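What follows is a single structure, and I will ask about it in a moment.
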2 protein chains.
Amino acid sequence: MAESSTHVRPGGRSAKVRAAVHRAVAELLAEEEAETLTLPAVAARAGVHPTTLYRRWGSTAQLLNDVATSRFTDDLVVPDSGSLDGDLQRWLADVATDVADPDTLALMRATIGSGPAGGCACVEDRHRQLGAIIQREQDRGGQALAVETAADFLLGPLYYRAVFTPEPASADWARTLVSTYLATLRTS
Amino acid sequence: MAESSTHVRPGGRSAKVRAAVHRAVAELLAEEEAETLTLPAVAARAGVHPTTLYRRWGSTAQLLNDVATSRFTDDLVVPDSGSLDGDLQRWLADVATDVADPDTLALMRATIGSGPAGGCACVEDRHRQLGAIIQREQDRGGQALAVETAADFLLGPLYYRAVFTPEPASADWARTLVSTYLATLRTS
DNA sequence: AAATTATCGCACTGATCGCTGCGTTAGTGG
DNA sequence: CCACTAACGCAGCGATCAGTGCGATAATTT
């Protein structure tokens, strides 16, 4: 409603505040328990007045959602290795490395706990990237894979290990996972 | 430290308070956002004085961990269907049904967000059950499977769907997952 | 049955959170 | 360069949270 009347102002200061707040959230989650992640605490760490946070984000849930969406959305274009196998190996290894970082993991946990939509914000972009890889294979003349099924078998175990087990998966493990998955496709 | 001098007292009242508090946590998580899950709020819902919660649990993180451990630990013995396939199908379908419940999901999200050990508390017992099923197959003379790998392929996609996607998996989908997994084992 | 002690309820205090007007600063368009 | 307005800082106000002695209750032991 009235989307033309609200002039968004992404200029210097707003962007700077936003970046400082995002960094503060990441830092606090990295060093302390999620319990202490309150708006005044984030404001103090970011060197920003608490009022700003109450106005722009309103609650820690919305703030976390914003941070997570921003953090887990990269314009990264997966390099074309020429084959589906190569593309998936490289991509999933990168994802595994990213998820293995304790700080990243802390952000994911907090975001998941902030609400029902929290989990989606963490993997939304990964789904998009996986879809792009599969689409590329299809354009190459290869088989057409279901994105959902591929996500279940590739992202599923990866994120499961990260969130539900004491130690996350490695990049090598991710590559093995891709090989196993593709082998399954050939035999079925 | 002096573990023999502190007599644990699981008698009537303590157990009653504990049950009321656990129920209150589940109720509040089911109907409200996780943000409002504070110790006084839980106490009010449970009809218990807040002081009791501060003394026995100390923080919402520890309380959630206790509730989750209790909730996701059932002495349920998986019925012996005679085959690994049957055992797994039945068991994973039950797990899927359990995880598909919105209230259960809310408890899981909150527990994950409460700390690094939160996720483990949710699946610890599932791992134990899976191990028991695999051990039974081995005793039957069947193949010896790695529990970790089986968990990756079975629990992984299931919990991934539940936590990271808008709608969780169904029992039928879980059964299909078991079939696919066992087929993979035969061809490798 | 009486003594013991773990556990809970009550009253109370400081600290902090969530939030709201109001003035000021700094990007944006003419 | 100037007007305009979105965004931020400041001061301050309830409300609630986290935590602490102290007495009462009830489970356990002797």
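Just so we're clear, the structure is a prediction, and the values are computed from it rather than from any experiment. Below, chains carry the letters A, B, ... as their sequence lines are ordered, and counting in each starts from 1.
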Is the CD atom of A/E167 crowded by more than 12 outside heavy atoms at less than 6.0 Å?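 Result for CD/A/E167: open.
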Integer-rounded Å distance: D/dT20 P and B/L53 CG: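 Between P of D/dT20 and CG of B/L53: 15 Å.
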Taking salt bridge (Lys or Arg N to Asp or Glu O under 4.0 Å) as the test, write out the residues that go with A/R90, two or more places apart.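 Partners of A/R90 by the salt bridge (Lys or Arg N to Asp or Glu O under 4.0 Å) criterion come out as none, since no residue qualifies.
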Determine to 10° how strongly the helix from C/dA1-D/dT30 to C/dG30-D/dC1 is bent, judged from the axes of its five-pair ends.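 That helix has its two terminal axes inclined by roughly 50°.
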Can you find a donor-acceptor pair, distance only, under 3.5 Å between A/R55 side chain and C/dG21 base?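 Checked by distance alone, the answer is yes.
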Please work out which of the three classes, parallel, tilted or perpendicular, describes the rings of A/H22 and A/W57, given edges at 30° and 60°.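 Ring orientation of A/W57 relative to A/H22: tilted.
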Residue A/R56, side-chain atoms from C-beta onward, closest of D/dA18, D/dC8, C/dG18: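 Within the option list, the nearest is D/dC8.
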Whole angstroms only, please: what is the NZ-C1' distance between A/K16 and C/dT25?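 Value for this atom pair: 13 Å.
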Can you tell me how the ring of A/H127 sits relative to the ring of B/Y160, calling it parallel under 30°, perpendicular over 60° and tilted otherwise?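 Because their plane-to-plane angle is under 30°, the rings of A/H127 and B/Y160 count as parallel.
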Between A/D125 and A/Q129, do the side chains contain a donor N or O and an acceptor N or O under 3.5 Å apart?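 There is such a pair between these side chains.
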With a 3.5 Å distance limit and no angle check, can you tell me whether A/D87 reaches the backbone of A/S81 through a side-chain donor-acceptor pair?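 Looks like yes, one N/O pair under 3.5 Å.
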For C/dG18, does OP1 or OP2 lie under 4.0 Å from any side-chain N or O of A/Y54?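 For A/Y54, the contact criterion (side-chain N or O under 4.0 Å from OP1 or OP2 of C/dG18) is met.
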Taking DNA chain D as the partner, which of residues 35-49 of chain A come within under 4.0 angstrom of it by heavy atom?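 Residues of residues 35-49 of chain A under 4.0 Å from DNA chain D: A/V48, A/H49.
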Name the nucleic acid region contacted by A/T51, choosing base, sugar-phosphate or nothing; use a 4.0 angstrom heavy-atom cut-off, strictly under.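 Base contact.
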Could you go through the salt bridge (charged side-chain N to carboxylate O under 4.0 Å, His left out) check for A/R140 and A/D80 one step at a time? CA-CA 11 Å; A/R140 238 187 240 123; A/D80 191 340; 2.8 Å; yes
Could you tell me if B/R161 sits above the aromatic ring of B/W173, with its cationic atom closer than 6.0 Å to the ring centre and no more than 45 degrees from the axis?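 Flagged: B/R161 positioned over aromatic ring of B/W173.
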